[in-house]
Amino acid sequence: MNRARTAAAALLLLVILPAARTKAAPTMAFGYLANGSREANYDYLETIFPNSFANAIRNIFYVNIIKPAQIKRILEKDGLALEKEYRPHELMELTERIGADYFIYGTFVPLPNDRISISLKLYGRGLNRIFAFTNEGRMETEIFRLVDRITAIMVDFLGKSNFYLSRVIPRGSKIGIFTNIEGAELNYLYCAF
């Protein structure tokens, strides 16, 4: 009887531990950050930015990372290609196919006076929602400062619970509001800000 209980407990641990590990380490996939300008000499940044964001996020969170080249290989097995842009309804199937909890992609546009605008979209499969934001700043010779600034925005969104970080909003901050409310309730929410 004791052996049966021990075997049952061991079997239960074998089932529970992998699930706990999966829950503890979400998988974030990074698609292309497409060049939104007509200047082909910036095309090299389409994979440099996502790879840099992936490394920065991995250094902050305990997550599994899938970079664009890996996604491309996964999709090619099924005769598909990694696109530069996706429609919202395509993201659920994409994240399931590549085994990701989050998919991050977007665009960038070089601006005059050595500036750049980066628009990111972060899709959460469990939430079935897209978090989108745009950040504009100087395009330094080293892109790492720019990556760090945008990574900080993603960290604020993901927070300790991997969903969001709750804190006081500093004066002058840019915010995004996710809601499914309408009418007077929505106006009441907007008035608070």
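The basis for the numbers below is simple: all heavy atoms, side chains too, and nothing from hydrogens, waters or symmetry mates. All of these numbers come straight from a predicted model, not from anything done at the bench.
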Could you go through the side chain to side chain contact (heavy atoms under 4.5 Å, CB included) check for Ile104 and Met28 one step at a time?
CA-CA 8 Å; Ile104 300 167; Met28 297 186 80; 3.3 Å; yes
How far apart are the C-alpha atoms of Ile65 and Lys67, what are their side-chain angles, what is the distance that settles it, and do they pass the side chain to side chain contact (heavy atoms under 4.5 Å, CB included) test?
CA-CA 6 Å; Ile65 296 296; Lys67 295 182 180 180; 4.0 Å; yes
Heavy-atom pair with the smallest gap, counting every atom of Ile71 and Gly31:
CD1-N, 4.3 Å
To the nearest 0.5 Å, how far apart are CG in Leu80 and CG in Leu75?
5.5 Å
Should Glu85 and Glu90 count as side-chain neighbours, where that means a heavy-atom distance under 4.5 Å?
no
Could you tell me whether a side-chain N or O of Asn55 sits under 3.5 Å from a main-chain N or O of Asn59, the two making a donor and an acceptor?
no
Ignoring hydrogens and angles, tell me if any N or O in the side chain of Asn35 forms a donor-acceptor pair with the backbone of Ser37 under 3.5 Å.
yes
Is it the case that one hydrophobic cluster holds both Ile116 and Val109, taking links as side-chain heavy atoms less than 4.5 Å apart, direct or via other members?
no
Heavy atoms of Ile98 and Ala29 approach each other most closely as CD1-CB, 3.5 Å
Only counting residues at least two apart or in another chain, list the ones meeting salt bridge (Lys or Arg N to Asp or Glu O under 4.0 Å) with Lys84.
Glu46
Decide yes or no on side chain to side chain contact (heavy atoms under 4.5 Å, CB included) for Ser117 and Thr134, but give the supporting numbers first.
CA-CA 7 Å; Ser117 175; Thr134 300; 3.4 Å; yes
Flag yes if Phe30 and Tyr44 sit in one hydrophobic cluster, no otherwise; membership is Ile, Leu, Val, Met, Phe, Trp, Tyr, and two members link when side-chain heavy atoms are under 4.5 Å apart.
yes
How many angstroms lie between CG in Leu122 and CZ in Arg129, if you round to the nearest 0.5 Å?
14.0 Å
Does atom CD of Glu96 have more than 12 heavy-atom neighbours, drawn from other residues, nucleotides or ligands, at distances under 6.0 Å?
yes
Sub-6.0 Å ring centroid separation between Phe108 and Phe49:
yes
Please test Met92 against Arg97 for side chain to side chain contact (heavy atoms under 4.5 Å, CB included), starting from the C-alpha separation and ending with a verdict.
CA-CA 9 Å; Met92 183 182 291; Arg97 187 176 297 274; over 6 Å; no
Determine whether Val63 and Leu120 fall in the same hydrophobic cluster, where Ile, Leu, Val, Met, Phe, Trp and Tyr are linked whenever their side-chain heavy atoms lie under 4.5 Å apart.
yes
For residues Pro26 and Tyr102, report the shortest heavy-atom separation together with the two atoms involved.
CB-CE1, 4.1 Å
Are Phe53 and Ile48 connected, step by step, through hydrophobic side chains (Ile, Leu, Val, Met, Phe, Trp, Tyr) whose heavy atoms are closer than 4.5 Å?
yes
Whether Glu83 and Lys72 form a salt bridge (side-chain N of Lys/Arg under 4.0 Å from carboxylate O of Asp/Glu) is what I want to check.
no
Between Phe133 and Phe131, how do the two ring planes meet: parallel, tilted or perpendicular, split at 30° and 60°?
tilted
Shortest non-hydrogen contact from Pro68 toward Pro50
CG-CB, 3.8 Å
Side-chain heavy atoms nearer than 4.5 Å, only ILVMFWY residues, links allowed to pass through others: does that put Ile118 and Leu111 together?
no
If you compare all heavy atoms of Phe103 against all heavy atoms of Leu91, which two are closest, and at what distance to 0.1 Å?
CD2-CD2, 3.7 Å
To the nearest 0.5 Å, tell me how far Leu45 CG sits from Leu33 CG.
8.5 Å
Locate the shortest heavy-atom distance separating Lys121 from Ala132; write the atom from each residue and the value.
CG-CB, 4.1 Å
